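Just below is one structure, and these are the notes that go with it.
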Amino acid sequence: MTSVMVCCGVGGTGKTTTAAALAVAHAMAGKRTVVLTIDPARRLATALGVELGNDPVPIAGLPPEAAPLAGLMLDRKGTWDALVRRYARDDAHAARLLANPYYQSVATRLTGSHEYMAIEKLHELVESGAWDLVVLDTPPAQHVVDFFEAPERIEALLDKGAVSALLRPRSGLVGAATRRALALVERLAGDQVMAGITEFFELFGELSVGLQSRSAAVAELLRSDATRFLLVTDAGAPERSDALGFLEELHRRRMRFHGFLVNRTAPRASFARPLGATDLVRPPGLTDAAWADWERALLEVPRLAAERARAHRENARALRDRAPDAAIWLVPEVPGGVRTLEGLVGLAGSLPPAPPTAL
């Protein structure tokens with residue numbers, strides 16, 4: 001059975017890189033793994049060293065004992081088009097809908113369609129049976145409700161009864177109001193525009209049964225035991241209020257929380273003995289006053305490093321206070337960031353399936 005790990009988090013926490021490293025970790029543990037990003041930035045492709053598209057691209061360069069690893073970047077319209085071709089009654093029906101300008105607008109601009117297509121692509125990868133694990137990198141957490149609600153929003157849009165009521169209003173006050181609204185739109189937009197809109201709803205309405213069934217299936221996938229959610233936070237600013245809201249949303253929707261990935265955690269400083277003035281070498285050309293300032297600052301480095309490492313662990317423990325049963329993995333800070341596959345391999349040992357960090 002294919003498992004799913006969904007990485008969520010606010011912007012700037014290194015979520016995309018962490019999702020890629022998580023995929024690397026599981027591939028190195030022997031699981032056939034694919035990582036999907038819907039982040040419009042191409043950081044994941046850069047880190048993996050390949051050009052990603054809407055279908056899985058193999059990632060080379062892992063140790064020979066690793067299982068296959070692949071990555072892809074969501075093409076929202078390409079995924080919509082594939083769904084249309086799947087559920088259209090024939091090629092002519094699909095071609096007419098794909099050419100309709102209002103369909104093209106829905107496929108590229110409709111609120112929630114990006115998130116829904118990510119979930120649809122996720123479902124496609126799970127259904128293929130080609131992978132032991134799918135890792136999904138999501139948009140920043142301020143839009144996480146859009147991600148969760150995308151299947152329901154699209155399902156409502158595709159409701160065949162609602163489309164029929166719009167195109168052929170019934171009698172009564174509601175029907176009369178709908179007819180007046182349609183007449184106003186027709187006067188403002190013109191016959192040709194209205195004909196295009198009507199054609200879109202008629203063509204799209206024929207797909208509604210198949211698409212609604214698919215929408216229900218992808219919504220169920222997010223609630224299934226096969227899917228686990230991870231929250232990526234920054235060790236220096238763990239955003240505990242956002243984390244709490246995220247956990248409440250998961251609980252309300254009966255989804256499984258797997259734990260926190262606390263990114264960019266400073267290492268514990270270790271010195272064989274306290275740093276002293278005799279350990280420092282004065283660069284040539286510095287005045288006595290300038291060197292005195294540099295000396296004071298340099299001698300403070302061990303204490304400041306220790307305090308920063310301690311603060312990061314206190315932040316992680318504060319997350320545990322909010323979610324006592326949650327697992328926590330501390331992901332080490334990498335100066336300059338991770339930009340290569342080798343860098344992702346270096347992070348892998350700190351991520352699941354490795355045991356959680358003991359705090």
Side-chain angles (χ1 to χ4, degrees), residues 2-19 22-23 35-40 74 76 110-123 125-126 133-158 212 214-263 315-329 331 351-352 356:
T2 302
S3 299
V4 175
M5 285 188 168
V6 182
C7 293
C8 301
V10 298
T13 59
K15 177 175 55 62
T16 297
T17 300
T18 305
L22 182 68
V35 55
L36 163 65
T37 183
I38 58 176
D39 187 341
L74 181 73
R76 172 170 42 175
L110 179 69
T111 300
S113 70
H114 203 165
E115 290 81 3
Y116 176 71
M117 285 299 107
I119 301 170
E120 162 59 32
K121 196 69 179 180
L122 173 67
H123 190 269
L125 293 168
V126 170
L133 175 69
V134 181
V135 177
L136 175 62
D137 168 39
T138 63
Q142 51 263 38
H143 306 302
V144 77
V145 174
D146 287 342
F147 176 76
F148 287 141
E149 292 182 350
E152 291 89 344
R153 184 182 294 116
I154 300 299
E155 194 171 348
L157 173 73
L158 301 175
Q212 279 185 304
R214 186 75 167 189
S215 177
V218 297
E220 185 58 33
L221 172 63
L222 294 181
R223 290 191 295 268
S224 74
D225 290 342
T227 301
R228 291 163 288 172
F229 289 81
L230 289 152
L231 184 62
V232 181
T233 70
D234 188 285
E239 304 289 352
R240 289 189 295 273
S241 60
D242 290 315
L244 187 61
F246 174 81
L247 292 176
E248 289 174 349
E249 190 70 23
L250 283 182
H251 180 72
R252 186 175 73 82
R253 294 176 179 275
R254 305 190 309 279
M255 296 173 177
R256 295 179 63 198
F257 181 57
H258 192 54
F260 297 100
L261 305 180
V262 183
N263 205 12
N315 288 340
R317 282 190 284 270
L319 287 175
R320 174 163 287 170
D321 291 342
R322 301 295 186 102
D325 297 329
I328 296 179
W329 287 264
V331 186
L351 293 164

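Everything numeric in this text was worked out from a predicted model, so none of it was measured.
The structure places OG of S3 at 10.0 Å from NE2 of H258, a figure rounded to the nearest 0.5 Å. Between M117 atom CE and H123 atom NE2 the span is 12.5 Å, to the nearest 0.5 Å. Atoms CG and CD1, on L319 and I328 in that order, are 5.5 Å from each other to the nearest 0.5 Å. Note that CG of N315 and CZ of R320 are 14.0 Å apart. Values are rounded to the nearest 0.5 Å. Note that CG of L36 is 7.0 Å distant from CG of L122, once rounded to the nearest 0.5 Å.
For the side-chain contact (heavy atoms from CB on, under 4.5 Å) with N263, the lone residue among T233, T17, D234, T18 that qualifies is T18. Between F229 and the choices R256, E249, M255, R253, the side-chain contact (heavy atoms from CB on, under 4.5 Å) rule is met once, by M255.
Annotation: side chain of V232 is not in contact with side chain of C8 (no heavy-atom distance under 4.5 Å). Residues M5 and L136 form no side-chain contact, since every pair of their non-hydrogen atoms from C-beta on lies 4.5 Å or further apart. At least one side-chain heavy atom of V331 sits under 4.5 Å from a side-chain heavy atom of L351. For the pair V4/V126, a side-chain contact is recorded, criterion being any heavy-atom separation below 4.5 Å from C-beta on.
The minimum heavy-atom distance linking K15 with D137 is given by the pair NZ-OD1, 2.6 Å. In terms of heavy atoms, V135 sits closest to A19 at CG1-O, 3.7 Å. Closest approach of G259 and W329 over heavy atoms only: CA-CZ3, 4.2 Å.
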Stepwise, does the side chain to side chain contact (heavy atoms under 4.5 Å, CB included) test hold for L261 with L231?
-> CA-CA 6 Å; L261 305 180; L231 184 62; over 6 Å; no

Show your reasoning for whether side chain to side chain contact (heavy atoms under 4.5 Å, CB included) applies to L74 and T37.
-> CA-CA 6 Å; L74 181 73; T37 183; over 6 Å; no

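Counting only distance, with no hydrogens or angles, the side chain of T138 and the backbone of C7 share a donor-acceptor pair below 3.5 Å. Not a single donor-acceptor pair under 3.5 Å links the side chain of R228 to the backbone N or O of F257. Using modelled atom types, one side-chain atom of T227 and one backbone atom of L221 make a donor-acceptor pair closer than 3.5 Å.
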